[in-house]
Peer 1: 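Sharing a structure, written as structure tokens. Questions coming.
Predicted model, so just to flag it, every value in this text is computed and none were measured. Chain naming here is simple, since letters A, B, ... match the order of the sequence lines and numbering starts at 1 in each.
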Amino acid sequence: MNASRNIAEPARAPVGAWAAPARVRLGWLNSSKGLGILLLMPALVLVVLFFLMPVVLTGVFAFTNMSTATGITGGAYQISPGALRVLTDRHGMGDLAERLGQPTYVVDDRGLAALEEMGIDPGIIAGLRRQYSGETYSSRREFERDIRNLPVRPDTRTVKRISEVFSRSLGNARFRSSTALIAAADAIDPDLTEEEKEALTATTYTGWTWTNDNFRRLATSRDTTRVFFNTLFFVAMTLTLFNVGYAMLLAITTHYIPERPAGIFRIIWFLPRISPVVIYVLLWKWLAWDTGFISAVLSNFGVRPRNWMLDTAANAWFFVILINGFVGASMGMVIFASAIKAIPESLFHAASVDGAYRWQQIRHIILPQLKWPILFVTCYQTLSLLTSIDQTLLATDGGPGGATEIWSLWVYHTALNNYAGNLQYGLGAAMALVLVVIGIVLSLIYLRLFNYNALVAKPRIEL
Amino acid sequence: MRILLDKFSKSFGDVRVIEDMTLEIKDGEMLALLGPSGCGKSTTLFAISGIHKVTGGRILFGDRDMTGVPSQERNVGVVFQSYALYPHMTVADNIAFPLRIRKLPEAEVKRQMEEMANLVHIEALLNRRPAELSGGQQQRVALARALVRRPNVLLLDEPLANLDAKLRLEMRSEIRRIQLETGITAILVTHDQVEAMSMCDRIAIMNAGQIIQIATPQEMYRNPRTAFVAGFLGSPPIAFIDAVANNGMLTVEDADIRLPVPPNAETPPDGTPVIVGIRPENLGRDGDAPVRGRVSFVETQGRENLYDLTLANGRVLRSIQRVSDDVSLNDEVEWRVRSDQLFLFSQNGERL
Ligand SMILES: Nc1ncnc2c1ncn2[C@@H]1O[C@H](COP(=O)(O)OP(=O)(O)OP(=O)(O)O)[C@@H](O)[C@H]1O
Ligand SMILES: [Mg+2]
């Protein structure tokens with residue numbers, strides 16, 4: 001402040017006028033609100049870029065038919081056999097399709113000009129212009145017969161070249177814009193109705209368009225039900241058996257054993273969580289390969305070596321749940337163990353003298369007090385299992401034969417990686433969107449549950 | 001039921017907390033375990049309840065040796081210092097817990113639970129959770145839970161420590177009433193001598209893992225076995241001064257005080273250094289041995305005044321007297337000691 005005052009001294013009026021707003025301008029930095037926003041900025045940018053944007057884009061893509069075929073930029077209009085089939089089947093415009101698909105020859109000025117360019121005998125050109133100008137043929141043979149009947153008769157090769165030039169068939173023709181397409185179609189069939197024009201533009205467009213089809217397909221597809229139940233099975237089993245069940249078992253057993261071995265035990269169960277996923281899953285694969293550990297051991301007993309992980313659907317599930325479960329168990333274990341530790345020791349003493357043996361202590365003292373942590377772990381892990389993909393992708397990749405295809409994997413296979421090679425971005429995005437919506441709904445329900453719990457805990461009454 | 005600790009010892013690793021302690025609690029008696037913090041009171045309770053295994057010795061309930069019996073089968077009721085109520089259960093469930101664990105029929109559980117709730121006056125709170133109770137109410141619930149199983153012995157670990165002064169007074173008589181009504185054998189752990197004296201039939205004074213003296217409160221007050229016991233009982237506490245035996249009298253050097261040897265003690269040989277204990281109520285206007293000093297502190301307690309009397313040699317005696325206006329701070333006074341009420345201790349604190 002003093003510095004600016006000193007500088008302002010020689011030319012007080014103008015600089016003073018400038019200096020005052022400058023202070024005001026920087027003033028927001030001093031308010032905690034302004035500074036807070038500034039400090040939050042990087043985080044906000046990251047959230048928008050890497051969370052909000054993908055979600056929004058997924059929402060947008062979900063309502064398109066984008067795929068490898070359509071590309072993600074715009075497209076052209078092409079009267080392909082496929083497009084014509086759609087025109088016939090879906091719009092009932094078989095006549096139009098037939099007309100557009102037929103080879104058509106029109107003797108017009110453009111063609112005549114082209115012949116001159118090609119250096120064809122001017123006599124032939126003059127004859128064509130005089131006798132057939134404006135004629136339309138739907139058969140090449142007819143047109144070529146007429147050409148041969150010209151006074152100056154061209155040889156067979158030239159006849160072919162000439163007929164080619166006048167070919168105005170729209171089959172496989174590509175147009176940049178819909179106006180060009182309609183103009184070309186008009187040339188063949190001048191009395192197209194508006195409806196027909198619309199259908200034609202829609203069916204011949206090769207780029208992506210807006211559509212609800214993805215959701216209709218999802219709602220009706222049998223795959224949806226199958227993958228849905230796969231996912232349900234996967235989440236339910238992993239959650240109850242491992243993320244909660246096994247975690248609880250670990251937490252309780254480590255509570256009752258001495259501190260040091262308990263600590264070592266817990267660290268061991270942390271290894272799957274902290275080891276790199278690829279290496280972790282590779283170890284499992286090595287265990288289950290046809291030349292791996294299980295096969296090697298069992299071959300001593302005359303069991304045929306095989307890939308135990310992908311052998312049958314049941315085996316695949318067994319491994320998928322085990323692999324995911326061991327990763328997820330550590331979190332529940334830590335949360336449950338610390339919650340148990342937070343129970344005052346005097347409660348266990350009281351329970352002992354009240355006659356409760358260890359199992360009854362677990363049942364009546366520990367478990368009821370772990371209601372909250374159990375709820376929390378259940379909520380958190382449901383959400384994370386719903387979207388978990390890496391372990392399953394690396395282990396079975398949904399196999400054998402789609403037996404362990406869970407929703408997230410299905411999205412990945414549809415949109416980003418499949419054998420057919422046609423990556424359906426739009427459909428995949430729609431699937432992902434369904435998952436996002438399920439996640440949000442579950443989160444809201446869970447938040448509701450937590451809030452509810454907080455509300456029912458009445459404040460302590462002070463004496 | 002009679003409880004007997006027979007040469008019981010307990011150590012945690014290398015730390016020997018209790019060594020060869022023998023203690024008998026008579027049937028239907030309420031015994032106070034009184035001692036400074038860390039002397040092993042809770043450890044003793046934990047050993048009786050079976051929460052800790054003892055390192056040596058035996059614990060008998062009646063004639064039955066309970067030393068190796070797990071706490072679940074000892075049928076003891078414990079009120080913990082923190083109450084240790086189950087926070088997720090209602091008051092009713094807390095009280096009923098020991099009965100449900102024993103798989104009593106539900107109707108019976110309910111009957112006994114309500115009976116016990118009536119006894120401790122918490123009928124109206126049965127549907128609340130511990131967090132919704134005041135300290136005194138929690139204390140009653142803990143008591144009801146400890147009593148509902150009709151235990152062999154009731155163990156109370158500083159049950160009043162967390163209560164405010166008024167409630168503490170109330171619960172003191174309440175616990176005693178319930179103990180007398182149920183006729184249960186009880187051990188009360190405390191380091192509050194007033195609590196011990198007002199609530200219990202007998203007091204066991206502990207120090208450093210040893211029982212120093214067991215006696216009725218009266219007896220212990222009148223006839224402390226050591227200076228430690230004398231110093232522990234009484235509020236305001238007893239004052240000690242060093243003296244030397246001289247011709248059948250006790251002289252305090254540099255203070256010009258000569259006290260006769262009290263009738264309860266043998267006259268020590270001349271020149272023996274001794275410790276004289278003088279309770280505040282035995283120093284005042286009437287008595288037989290004069291003591292001069294300066295009033296260095298006056299505290300009014302309503303009915304009575306509490307004075308500190310600083311002797312010529314700097315030692316301080318305490319006196320408690322009826323309120324009067326004729327003594328004020330820094331006055332030089334000559335008061336008297338009732339020499340027949342003095343206690344004489346040897347240099348290491350043993351009573352002479
Ligand atoms: N688990 C333990 N491990 C090691 N030492 C212990 C353990 N429990 C108690 N002690 C020691 O045993 C001694 C007696 O402890 P105890 O709890 O019986 O004291 P207390 O008389 O109940 O004291 P307070 O009045 O403070 O409750 C203390 O010195 C304490 O440090
Ligand atoms: Mg204690």
Peer 1: With ring centroids as reference points, do His364(A) and Tyr86(B) lie under 6.0 angstrom apart?
Peer 2: no
Peer 1: Answer yes or no: does atom CZ of Arg177(B) have more than 12 heavy-atom neighbours from other residues, nucleotides or ligands under 6.0 Å?
Peer 2: yes
Peer 1: Within a radius of less than 6.0 Å around CZ of Arg64(B), do more than 12 heavy atoms belonging to other residues, nucleotides or ligands occur?
Peer 2: no
Peer 1: How about His52(B): does its NE2 atom have over 12 heavy atoms from other parts shown lying under 6.0 Å from it?
Peer 2: yes
Peer 1: When only pairs under 4.5 Å are counted, which of Pro87(B), Pro151(B), Ala142(B) shares the most heavy-atom pairs with chain A?
Peer 2: Pro87(B)
Peer 1: Report which part of Leu85(B) has an atom under 4.5 Å of a heavy atom belonging to chain A: side chain, backbone, both, or neither.
Peer 2: backbone
Peer 1: If every non-hydrogen atom of Ala350(A) is compared with every non-hydrogen atom of Arg145(B), which pair is closest and at what distance?
Peer 2: CB-NH2, 3.7 Å
Peer 1: When you compare the side chain of Phe97(B) with that of Gln360(A), does any pair of heavy atoms fall below 4.5 Å?
Peer 2: no
Peer 1: What's the spacing between His349(A) NE2 and Asp157(B) CG if we round to 0.5 Å?
Peer 2: 11.5 Å
Peer 1: So, taking the atom named CG in Leu347(A) and the one named OH in Tyr83(B), what distance separates them when rounded to the nearest 0.5 Å?
Peer 2: 14.5 Å
Peer 1: Nearest 0.5 angstrom please: Ile51(B) CD1 to Phe348(A) CZ, how far?
Peer 2: 12.5 Å
Peer 1: For chain A, which candidate among Ala146(B), Ser71(B), Ser49(B) shows the most heavy-atom pairs at distances under 4.5 Å?
Peer 2: Ser71(B)
Peer 1: Kindly give the heavy-atom pair with the smallest separation between Pro368(A) and His88(B), and that separation in Å.
Peer 2: CB-CD2, 3.2 Å
Peer 1: Would a distance-only check, ignoring hydrogens and angles, find a side-chain to backbone donor-acceptor pair under 3.5 Å from Arg102(B) to Asp354(A)?
Peer 2: yes
Peer 1: Return yes when atom CZ of Phe229(A) has more than 12 non-hydrogen atoms of other residues, nucleotides or ligands closer than 6.0 Å, and no otherwise.
Peer 2: no
Peer 1: Select one option (side chain, backbone, both, neither) describing which atoms of Arg149(B) are under 4.5 Å from chain A's heavy atoms.
Peer 2: side chain
